[in-house]
Structure formats: C-alpha cells, structure tokens
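As structure tokens, the structure follows; a few thoughts come after it.
Quick note: numbers below take in every heavy atom, side chains included, and nothing from hydrogens, waters or symmetry partners. For clarity, every value in this text was computed on a predicted model and none was experimentally measured.
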Amino acid sequence: MSAPAPPSAGAFPSPPGGFAQVPPSTRRNTELLLLGFAAFITTAALFLVEANQEQSITWDIAKYGLAYLGLLAVAHLAVRRFAPYSDPLLLPIVALLNGIGLVLIHRLDLADQESAAFLSEEIPSPDANQQILWTALGIVVFVTLLLALPDYRTLARYSYTLGLVGLVALAIPALLPSRFSETNGAKIWIRLPGISIQPGEFAKILLIIFFASVLVAKRELFTAAGRHVLGMEFPRGRDLGPILAVWVLCIGVLVLEKDLGTSLLIFGTVLVMLYVATERVGWLVIGGGLLALGFVFAYQLFGHVRVRVATWLHPFDDYNNTGYQIVQSLFGLATGGLAGTGLGSGRPSQVPFAKTDFIVTTIGEELGLIGLTAILILFLMFILRGMRTALAVRDSFGKLLAAGLSFTIAIQVFVVVGGVTKLIPLTGLTTPFVSYGGSSLLANYALLALIIKISDAARAPAPPRKREPVAPLAEMQTQMVRRREGGRAI
C-alpha cells in the first residue's frame, strides 16, 4: 500500500520537532456573543419599561434596539480589524453600561412626558433620541482612534502639546462670561448656539497622557533617594515641584470654575499614577496632606464649598432648598430597598437631575440594591481588566497610561456613588457611560479606545524570530578532518 502524500510545505507552518504551531486565539467570537447578550438585556429592559409605563408596546423598542445593535456591530468590527488581540470583555461591559443608561433615560423621558401632559404643558422631546445620537458619535470617535492610532506610544511624542491643549480646554470655561459657561453655579461648559461642550471631560484624558509621559521621562526625579520617616521614604523637597503644580492647577479649577468634582478627579488620578510609577507610599501621604490642606483652604474662602459641606452634614435642615436633591436621593434609594420597585414602576423623576448627576439613584430605586450592586460590579470588572492590561503591557508609558485611565473611572464612580448616598459631599460628576450627556460619552469612548489599543499590544503574540535558512544535509559541503595522535597527523 502506497504511503499518503505529505502535505504541502505551506499548509502547516511547523516549528522544529514536527509539532504544528497553534495560532493564538483572539477571542473575538466571545466578544461578539457578549455584545449580543448586552443588546438582548437592553431590549428586554426597554420592553419592561414600555409595559409598565405605557401598558402597551410602541415602536420605540424597535427603534432604540436596532439602532443600538447596529452601533455595537460597528464597534465590534472595528475591534476585530484594528485591535484583534484586545481584551474581549472591555467593549461588552461598556456596551451593557451604555445600554442600561439608555433604558433609564427612556424611562425618565416617559415620566417627563406624562408630567407635561398632566400639567397641560408642551411635551418635551425625548432625550433618549439624543443619547442614541451621542452614542453613535462616541462610536465614531472610538473607531477613528483605533484606525488613526496604530501604536499608542506615538502619543508620548506629543505629550507636551496634548498637555497644553488639556490645560487650555480646562481654562476656557473660567474665562468665558457666565452666560456661556455657568450651570448650577459651576463654570464648566462652553455654550454655543446649538451645541454645548464640557471640555473638562476631554482635558482629563489629555492630562493623563501628559503625566504618563512625564513620569516615564523623569522617573529618576521621582525615585531619587529621600528621607526615611516611620519606615516610609519621602521624596526630597526640591522634587515636589510636579505634584505642587498639579495641586495649584486643581485649586485654580476649584477657585475659578467652582468645580470640586474635576479637581478631585485630576488630583486623585495623578496621585495614583505617581504611586504606580514609584511604588512609594510617601507620595500618597504627601498628596493626602495637600488634598486636606486644599479642602481646608477652599472651605475657609469659598461660600459654595461651605454650603455643600453643610448640605452633606445636615441635609434635612434646608430640605426645601439646598438639601432637596440629596434628601430626595435618599428617599429614592430607601424606596428601592433590596430588589427595587421594578423598571418603570418607581418615581425617580422626583429627584432633580435624575438623568445626569443622580442617575445612580434611579438605578437604586427601580433595580434596588441588587441592581445597583450589579452595575458597580460591571465597573469593577472594567477597572480590573484595565489594571490587568497595565500589568501585562511591556512598556512603562503603556503601563502608566492604562493605570491612569482605569483609575480615573474608579475615582469618578466612587465620587458619584459616594455623593448620591451621602458618603461624601456632592461634586456634580456624572456616571461614566450611563448618565445622559454628550461630552462625557464621547470622552469615555475615547478612553475605551486607548485602553483597547494598549490591551491589544499587551496580548498580541511576539513576532516570530527569523531563522537563517539551513541547507539540506545532501547539499552541505564536506571537509577533511585531520586528527593528531602521538604528535603526528593522521
């Protein structure tokens, strides 16, 4: 019996030893399955809202569901093409958070329309339509960054330019007249005819890129030997310039823009990045001291900070004025209890800014502690996957950038949830990917694109080493070997 013909040389690229090389798994099919699950949950939640609010099913479910599914498909194809080895959980987690936010905004739209009809007022246009539009623009930003940024390390070359742009973006609202920038006492907007932008959302990402590059380039400055106190090594006095500059920047934001949330976010993120870069607890101690000093300074000089602290400590003392928001938030969370009232069955519209600053209260009232915990677990998973990316990537810039981007989400979620539950004073930050708003959604999709690019670089297989071609044994040249015995050649 004749032997079977051997396979062609290019059929199975085999390493020495004859074992076939197994191609690395990209797990994109896993990502696609999870995205389908996120779209299913979003559509089912929309169905429940419609059934409980309208007692009927409208075409809004099909409109929002199909639009959302199409946007997820575009994002998945972009990741499959431009970041094939990236973490398969990052995009599905964001998709589910964004979908839940869309459901809650639609639910609050129905409540606003019902209230307007009861008061014989003009029916407001649904904000869910605008949120779908902002999500589409966020996907455009996401795909554009994946396409235009083959190597994220190129950002380090333009770090000073990006840092300058971030500072200018952060300062513009403070320089504009109040009618173009102020909302609820905070000057954080750029309001133009037909469009409103919150530049601080983009500035935080640009500043994180800048600080990651500086910490890598000037690492010896931050790791130089200093004094040892109580078992901790503190930096030298002349090396405190960078963190003092960040502290002054945050105090300036607090003074000129009355924006406590952005100040905490930027300073906390830079402080964590310093610790990650140096592994020195001394930087955390100094940063915590500067944070406490800045808070005391702000409390003594600015009336709006004193009002927020008083509202935090004694919200029921001025229930009908400054304490109304936080008190209604606490009532909503208490009404939700453990399992919630059910989607569409609560009264979250009683809380001011339920679609933006207090959307966590909406989650707690209608989904209860169980639903709110599930949302927080999704955020925790996203942060942990981002930190895992920071540990896995090989270059220092990628490590600090991924850690900074992940921690800024962690700090923002902590500040938001702590504010609406009266753990800390209110700051006015929004919940990433969930709250209504275009600037936050666009900036966070840009943040997601950067983490996915770093994850792709961290998980991609190393390029194969080039081997010198070895001639077959039959074609190798022979040579005479001379051996010596007893001092004479044989």
Side-chain angles (χ1 to χ4, degrees), residues 31-79 91-117 123-143 340-349 353-356 358-363 365-367 371 374-375 378 430-442 444-445 448:
E31 179 184 85
L32 181 60
L33 180 64
L34 292 175
L35 287 175
F37 182 64
F40 171 77
I41 291 180
T42 301
T43 306
L46 287 170
F47 180 87
L48 292 175
V49 167
E50 291 276 344
N52 286 330
Q53 280 285 302
E54 299 290 329
Q55 302 299 321
S56 62
I57 306 302
T58 66
W59 284 106
D60 286 340
I61 293 180
K63 178 179 66 175
Y64 294 139
L66 292 177
Y68 194 62
L69 185 61
L71 293 174
L72 294 184
V74 171
H76 170 72
L77 291 175
V79 173
L91 183 59
I93 291 173
V94 168
L96 185 54
L97 290 172
N98 196 353
I100 292 173
L102 176 65
V103 171
L104 297 176
I105 293 167
H106 176 57
R107 184 262 175 275
L108 292 167
D109 283 341
L110 297 177
D112 292 342
Q113 293 169 7
E114 181 182 2
S115 177
I123 303 298
S125 59
D127 288 330
N129 291 345
Q130 193 69 23
Q131 187 74 350
I132 280 287
L133 176 61
W134 286 120
T135 302
L137 293 177
I139 296 295
V140 170
V141 171
F142 175 78
V143 173
T341 61
L343 281 172
S345 299
R347 301 181 65 187
S349 57
F353 303 102
K355 298 178 184 178
T356 52
F358 283 82
I359 200 166
V360 169
T361 303
T362 305
I363 298 172
E365 180 173 348
E366 300 215 330
L367 299 179
I375 299 299
L378 287 176
T430 56
T431 309
F433 301 109
V434 181
S435 294
Y436 171 74
S439 299
S440 176
L441 206 54
L442 294 180
N444 286 318
Y445 267 106
L448 173 65

Give me the atom names and distance for the closest heavy-atom approach of Phe433 to Leu441.
CA-CD1, 4.0 Å
So which heavy atom on Val143 is nearest to which on Ala78, and how close?
CG2-CB, 3.6 Å
Tyr64 and side-chain contact (heavy atoms from CB on, under 4.5 Å): which partner among Val103, Leu46, Thr43?
Leu46
For Gly437 and Gln131 the tightest heavy-atom approach is N-OE1, 3.4 Å
What pair of heavy atoms forms the shortest contact from Phe142 to Tyr445, and how long is it?
CD1-O, 3.7 Å
Going by ring pair (Phe, Tyr, Trp, His ring centres under 6.0 Å), name the residues that satisfy it together with Phe358, two or more places apart in sequence or in a different chain.
none
Answer yes or no: is there a donor N or O on one side and an acceptor on the other, between the side chain of Glu365 and the main chain of Thr341, under 3.5 Å?
no
Okay, side chain of Asp109, backbone of Ala128: is any donor-acceptor separation there less than 3.5 Å?
yes
Please step through side-chain contact (heavy atoms from CB on, under 4.5 Å) for the pair Lys355 and Asp112, ending with a clear verdict.
CA-CA 11 Å; Lys355 298 178 184 178; Asp112 292 342; 3.2 Å; yes
Between side-chain atoms of residues 67-77 and protein atoms elsewhere (two or more places apart, or another chain), which donor-acceptor pairs fall under 3.5 Å?
unit_1 : atom_1 : unit_2 : atom_2 : d
Tyr68  : OH     : Ala95  : O      : 2.0
Tyr68  : OH     : Gly99  : N      : 3.0
His76  : ND1    : Glu31  : OE1    : 2.8
His76  : NE2    : Arg80  : NE     : 3.2
His76  : NE2    : Arg80  : NH2    : 3.1

Please list, chain by chain and in numerical order, all residues satisfying side-chain contact (heavy atoms from CB on, under 4.5 Å) with Thr431, sequence neighbours excluded.
Ile359, Val360, Phe379, Val416, Val434, Ser435
Search all heavy atoms of Arg107 against all heavy atoms of Ser345 and return the closest pair with its distance.
NH2-N, 4.3 Å
Of Leu34, Leu35, Leu96, Leu32, the one forming a side-chain contact (heavy atoms from CB on, under 4.5 Å) with Leu91 is Leu35
Looking only at heavy atoms, the pair that brings Thr362 and Ala354 closest together is OG1-O, 3.4 Å
